[in-house]
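Throughout, protein chains are lettered first and strands after them, A, B, ... in sequence-line order, and every chain is numbered starting at 1. Only this structure's heavy atoms are used, side chains among them; waters, hydrogens and symmetry mates stay out.
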Amino acid sequence: QSMLTGTVLDENQVPLPGATVVVKGTSNGVATDFDGNFSIELTGSNDILLVSYIGYIKKEVDVTGKSATIISLEPDSQQLDEVVVTALGIEREKKSLGYASQELNNDEVVQAREPNLLNSMSGKVAGLQITNSPTGLGGSARVSIRGDASLNINGNSPLFIVDGTPISNEIVGSSGSGTQSVDYGNGASEINPQDIESINVLKGPAAAALYGSRAANGAIIITTKKGKSQSSKLGISFNTGVTIENVLMLPDWQNEYGQGNNQQFAFVDGSGSGIADGVDESWGPRLDTGLMIPQFDSPRTDGTRGGDTFVSDADIIPTPWVSQPDNTKDFFETGITKTNSIAISKSGEMGNMRLSFQNLDQEGTLPNTDLKRNTLSFSGTMNVSDKVKVNANINYVKTDSDNRPAVGYGTESIMYLFIWYGRQLNTNNLRDYWQPGLEGTQQFNYNYNYHDNPYFTMYENTNAQDKDRIFGNVSLTYDINENWKLLLRSGRDFYRDFRVRKRAFSTQRFPFGTYQEDNIFFEESNSDVLLSYDKNLGEKFKLNVSAGGNQLRQKQDFTKSVAPQLINPGVYSFNNSRQAVQVSSNNSEKRINSLYGYARFSYDNVLFMDVTGRNDWSSTLPEGNNSYFYPSVTLSAIASDIFNMPEWVSFAKVRAAYAEVGNDTDAYRLRSFYQNETPFDGSTPILTESSLIPNADLKPEITGSYEFGLDLRFFQSRVNLDLTYYDSATKNQIINISTDIASGYSSQLINAGEVRNYGFEAIANFVPVLTDNFKWSSTFNFATNKSEVTDLGDDIQFTLTESNGAFIQAREGGSISAIYGRGFQRVEDENSEYFGQMIINNQGIPERTDDLVYQGDYAPDFTLGMQNTFKYKNIDLGFLIDTRQGGIVVSRTKTIGSTSGQLQETLVGRETGIVAEGVVNTGTAESPVYTPNTVNVDARTFNNRYYERDNVEAAKYDASYTKLREVSLGYSFPQKMIQQLPISNARISVTGRNLILWTENPHFDPETVGVSGGTLQPGIENMSYPSSRSFTFNLQVNF
Amino acid sequence: CTEDFETININPNYPASAQPELLLPGIQREMAYNWGSQGWEEGFTVVQYGARLQFTSGDTYNWSPSGDPYDNAYASLRDVENIIRDTRENEDAQNYYGVALVMKSWIYSYVTDAYGDVPYSEATSGIENGNVTPVFDAQSTIYAGILSDLEMANTLLTDADNISGDIFYDGDIAKWRKFANSLRLRLLMRISDVDNATAVAGMTQITSNPSLYPIFESNDDMTFVEWNSDNPQPKYDTRSGSFDEVRLSQTLEKRLKELGDNRLYVFAQPTSNSEKGIFSEDFDDYVGMPNGLDDEAALGYSPTGNPDESGSNFISRLGILLGCRACNPEEASATASHTIIMSYSELQFILAEAAERGFITSGDAAMYYENGIKASFEYYTERVAAGGWSDITNAMQATDLDAYVAQDAVAFTGDSDDNLAKIALQKWISLFYTGFEGWSDWRRTGMPEVTPGPDAVNDGRVPVRFQYPNSVKSTNSENYNAAVQNMGADNINTKLWWDVY
């Protein structure tokens, strides 16, 4: 007999107190102490320990002949008694749920090392689609679950809940007089991933019915970390990481012809006085052939530069005309993000607390762009008495940026500049962006007709942000007695967002500069009361009945002030306004009162039924229609416990659910009103009636949804399958349909439309290899969704959003994600030998359709995420491959880059002209006679006419892609190595993101959305910034 | 606790009603601005004051369905109807009612002259009676309505000045009355080939009783918007590239040079190549380019035919009067250029034509004609003086107008056809950058001649109307189809009702 001492650790090398250690085949067992230590008596040879802990995979360890050992346990993500947080913060055993939900734990979220929480969820949850906006720097991400169902394009985001209280995920976009949109990010992306204990994605209305209106698109329930209850000593955890990022892909430029036209170019003043020097297209002279041409960066005889047009008119000495293949790439920098966080936690009899702080400091890939975010979080629970517990969670987030890039199509966007950027331009020669002696008043550039110097844009024309946000809640639970329980909770999310736009003198759009301040204030409070009654009815029946109420108050104030022109350069103050300062404000308020209740029945822990009901009263709907009720019912049965199943079936559950969710609308949509416009001459006030026909009889929207699922586990849960089929319909949608403006009004608010979404989700989990030292686990997330506009009225073509002639439009019988636009006319006569060919006009140009033609859907056919993790001793390796198959993306880069002669494919026919493939109608419109086209058109004209700006067919790409989204490699220091140090565990890791992109698209990452004000436009690429590839080096130490 | 929901849902940001003086300036600014921009886009090149150097699809007649002026016109007409509704029955507000009728008439004439049949009798009643699919009325019906409204406005606009918010006339009711009658003359002339009886009766009614039907008596009465630094003239804020895409047309260049017409100094600038700045005494420094070249040919066009002398450097920009700030920060003016709705000189040419064709008996065609010419010179002399361009002002002031009028090509001495052609030529010059008027008059008379450019795509035809906006095909399809049935195909070659030549 001998004594063995040892320590039991979790997967992060944190001691597990209270773990059970038993010698196999005996009743000899002990529990570990607070530091995870144990000692046990061994009987002799062939000693095997069974080590177990709730939520972890039971482990057998051979300790024969050992006197000391360290044992680490793996968490069991498929544990049958797993507890998840559901609606209203109610913790439930996962097996009792009658609907689909999928949970991510802290590791799965943190691993990505993304500043934007939403991005780190990409590809990890079946049916959850996250599309990054192409703006970097904590830009917005478009989130939808199970496809889009609302005809309100901005109304498809799930509801975000942190510790039981909703928080805003809004995008508050703005653009001022003449300035472009800037993406300031959406609300949910601001949560510090380090603070997250778990995220539970409730995918359908059944799961979210209790949250009411806003959860019709599902809900994302975030639970933050609390002070750990198993440890009485002060826990300190420290994390530091550095991320470096570079642009992943830039458009495939041509490098054979430079700026100009007709193969000619000579710089005189960059605005038309030279030879084609006002032209900002690359149809100029051939590059790299030894040509000498005066250019903006050629010296003048007096030593100034060619582009110093305001200070010199000395002759420009020609310099070599050479290609600059990397002139756009050279502009981008290596982005660096530093994150440092520290958390301290402690728990005891009185309760527990956790305090954390994170500093994130990001420099973007565009020069002079940055984002700083400081997050302070506190959570604490106090056990006031045996029966009363008080809990508080408070988060303060301070976001600062000196400059966020402008997005979209226009002179303020860098990608706009680059799509018109001469292929011979040497970017480095633009760095010194003032003309000498005119610093602050006149920029230096290569073109003075249309463009701003990109460095001037980034350094002088900034879009800053300063945002303070506080969200959190306070709650009290009172266990009145064995059966009754009371919860009171009040939560709040409020922020103040202050944005400053500066535009310097000599900016193309603002020769006298401009200055703008936006002040945004948002506040939402939710107060809940919930009374529950729990009762065992006999041996097998359990009943839980709850009833409660909620009041939501939401208030939003927006004030914008603009100094349209400045007096003195460089003084950004309203005192320095040359004209009357323009101020506009928009405040709105709404309220929803709710009563809700639910009942849960369970029989023998194998049959479960939940029934919920909720009634909302919304201030946004008219009296008579402002009260609406909606129910849900879910059923689940543990088949494996009811029927005899073969041994290899570890678990089998069937579930079914039906739910309805009602939805209201925005404030102030019942009556017409008169809006202010900028006064004339600063003194004559102007009003105009709103062009929307309001609706005094609006009814609430209702979403109804069925869902069926199977949860199957085989071979001791080494193979798991979770399958869900759903079918939902949203009807009575509140939409703003276009009307003939001749009615005096451009749109009308109506209740109409029914959109059906049905689809299938599968989550498959495997543990192909599991040994003492090695574990390989694999998860596949698959989702497919179809949408159908089942009822809208024959004549209605409802435009959800539009961008450059691409209309996302709902038509009866079509889908909600359909994109319509003009395309090419083709031979429609199936009997013609030219069937399907393009029709070319007698100038050799393909003819466009007059009508909007269906071009494809932005939604994918399916999405698939494949996640693999390998763990060998202290080393772990994981990778995530994310596939999106199908759908289209309509590209402005393609359209403009073709007309401007910048893209690789514009090399075709430069010297020879282009004869378009297609047929010419030599007959009449009624009885066409087709003959093949033979007209030769010069390449510039052809490209300009082929890629007309509203020709969607010419500009579309397959949006499919596969990404090696994430690879991470980690090493946890063995206990032996750090025993001497005052630290309990330490881990280093390196994570790569977006390492490889497989796509047919030669020019941009098809994972993109257009940004227009506060709307993210799916399926639209509108001068998107390149996505980036990043590497993060991270160290985590727990004391 | 839902009793305060009604109050919570009342919009705190905006009022539920608006006084006429708050609506009127918005209508005027919006429509004048739109008239100016459409005048620049189509009005300018289609009758060849300017020619496109770049992005030439408009100049080569490759036109698309057009949302403007349709959208802007009806959005403004919404507020016009709001004024009418609130003032019609109010005895103290009859001047607003009259002004609203004049605005309504002008806007409808603008929009119907662009498209032809458009919604009129059932328009702008989307809230009032819920009609969101108004029928398209025949252009003849619309003209009848407009003419009757203008006649009524003449009787309503008789009170003392008591309106405000008026950026056309600063509340001068007498001038509004003159505008109502002058505009009516413009529109009567427009229909004179299809409904001569109405035209003659109306013109006679107005011209035979000047005290009951006052009309413009000098440049002081003309209708325009004078812009200001907050709302600069429409071209002032454009990027220089956008401004420079439109250049002096060879057509205008040749016609002015043939007449030795100094307005060339106002309408164009010397070429950059001449290095003369914004003015040169020498007409040779002003060089136009042909209309209707494709992009490639336009950018590479050489006036001399010598490829080394091709490109924008060798072609005149449009006059500094219209110039943008970014093009010439020292010289450009935000306010010197007016947006002209209707000028005194235009009225004089209308009267000259009416007299020459015997529609009216009062006055003498030659007198009206000469008045029109002189008024145009005076107007532009005054505007370049306001802009502070002394060289141009001096050159304009130095013009010997008597000699100008006396030369063969101008003198009103020929037969009637010859005189009408001269009126048309001088009217065309004087309508430079006056919205669609140059185009409308050309469509009516075919004079002076417009020859499509070499790369024009419309089978040798000059567009005579706009295509309806794409949106009405889906939002009001039944009535749209009926209109196409009534009027003819929805293309740029379908002639309007009054366009018979």
A.B. asks: When you check the side-chain N and O atoms of Asn449(A) and Ser240(B), is any donor under 3.5 Å from an acceptor?
C.D. replies: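 Per modelled atom types, Asn449(A) and Ser240(B) side chains form a pair under 3.5 Å.
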
A.B. asks: With a 4.5 Å cut-off on side-chain heavy atoms, are Arg945(A) and Asn62(B) touching?
C.D. replies: yes

A.B. asks: Highest number of heavy-atom pairs under 4.5 Å with chain B: which of Arg848(A), Glu589(A), Arg940(A), Gln675(A)?
C.D. replies: Arg940(A)

A.B. asks: Which pairs with one or both residues in residues 680-691 of chain A pass salt bridge (Lys or Arg N to Asp or Glu O under 4.0 Å), sequence neighbours excluded?
C.D. replies: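 As it turns out, there is no salt bridge (Lys or Arg N to Asp or Glu O under 4.0 Å) pair with a partner in residues 680-691 of chain A once direct neighbours are skipped.
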
A.B. asks: Within the side chain of Asp740(A), is there an N or O that forms a donor-acceptor pair under 3.5 Å with the backbone of Val472(B)?
C.D. replies: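 Not a single qualifying donor-acceptor pair exists.
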
A.B. asks: Evaluate the criterion side-chain hydrogen bond (donor to acceptor under 3.5 Å, both in side chains) for residue pair Asn9(B) and Ser619(A); output intermediate values, then yes/no.
C.D. replies: CA-CA 6 Å; Asn9(B) 206 32; Ser619(A) 69; 5.1 Å; no

A.B. asks: Can you tell which of Ile127(B), Asn476(B), Asn273(B) has the highest number of heavy-atom pairs within less than 4.5 Å of chain A?
C.D. replies: Ile127(B)

A.B. asks: Just give me the residue among Gly274(A), Gly744(A), Ser743(A) that pairs up with chain B most often, heavy atom to heavy atom, under 4.5 Å.
C.D. replies: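 Heavy-atom pairs under 4.5 Å are most numerous for Ser743(A).
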
A.B. asks: Under a plain distance cut-off of 3.5 Å, with no hydrogens placed, do Tyr450(A) and Asp244(B) share a side-chain donor-acceptor pair?
C.D. replies: no

A.B. asks: Does Phe5(B) have Arg591(A) sitting over its ring (NZ/CZ under 6.0 Å from centre, angle to axis within 45°)?
C.D. replies: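 Judged by the rule (NZ or CZ under 6.0 Å from the ring centre, within 45° of its axis), Arg591(A) is not positioned above Phe5(B).
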
A.B. asks: By a 4.5 Å heavy-atom criterion (distance strictly below it), what part of Arg553(A) contacts chain B: side chain, backbone, both, or neither?
C.D. replies: neither

A.B. asks: Return the option, out of Asn82(B), Val80(B), Leu77(B), with the maximum number of heavy-atom pairs under 4.5 Å with chain A.
C.D. replies: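 Ranked by contacts with chain A, first place is Asn82(B).
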
A.B. asks: Looking at chain B, which one of Thr684(A), Asn586(A), Thr941(A) has the largest number of heavy-atom pairs inside 4.5 Å, strictly under?
C.D. replies: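 The candidate making the most pairs under 4.5 Å is Asn586(A).
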
A.B. asks: Run the salt bridge (charged side-chain N to carboxylate O under 4.0 Å, His left out) test against Asp308(B) and tell me which residues pass, sequence neighbours left out.
C.D. replies: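 Checked Asp308(B) against salt bridge (charged side-chain N to carboxylate O under 4.0 Å, His left out); zero matches.
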
A.B. asks: From Gln554(A) CD over to Ile8(B) CD1, what is the distance, rounded to the nearest 0.5 angstrom?
C.D. replies: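 Going from CD on Gln554(A) over to CD1 on Ile8(B), the span is 12.0 Å.
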
A.B. asks: Can you say whether Ile275(A) sits under 4.5 Å from chain B via the side chain, the backbone, both, or neither, judging by heavy atoms?
C.D. replies: neither

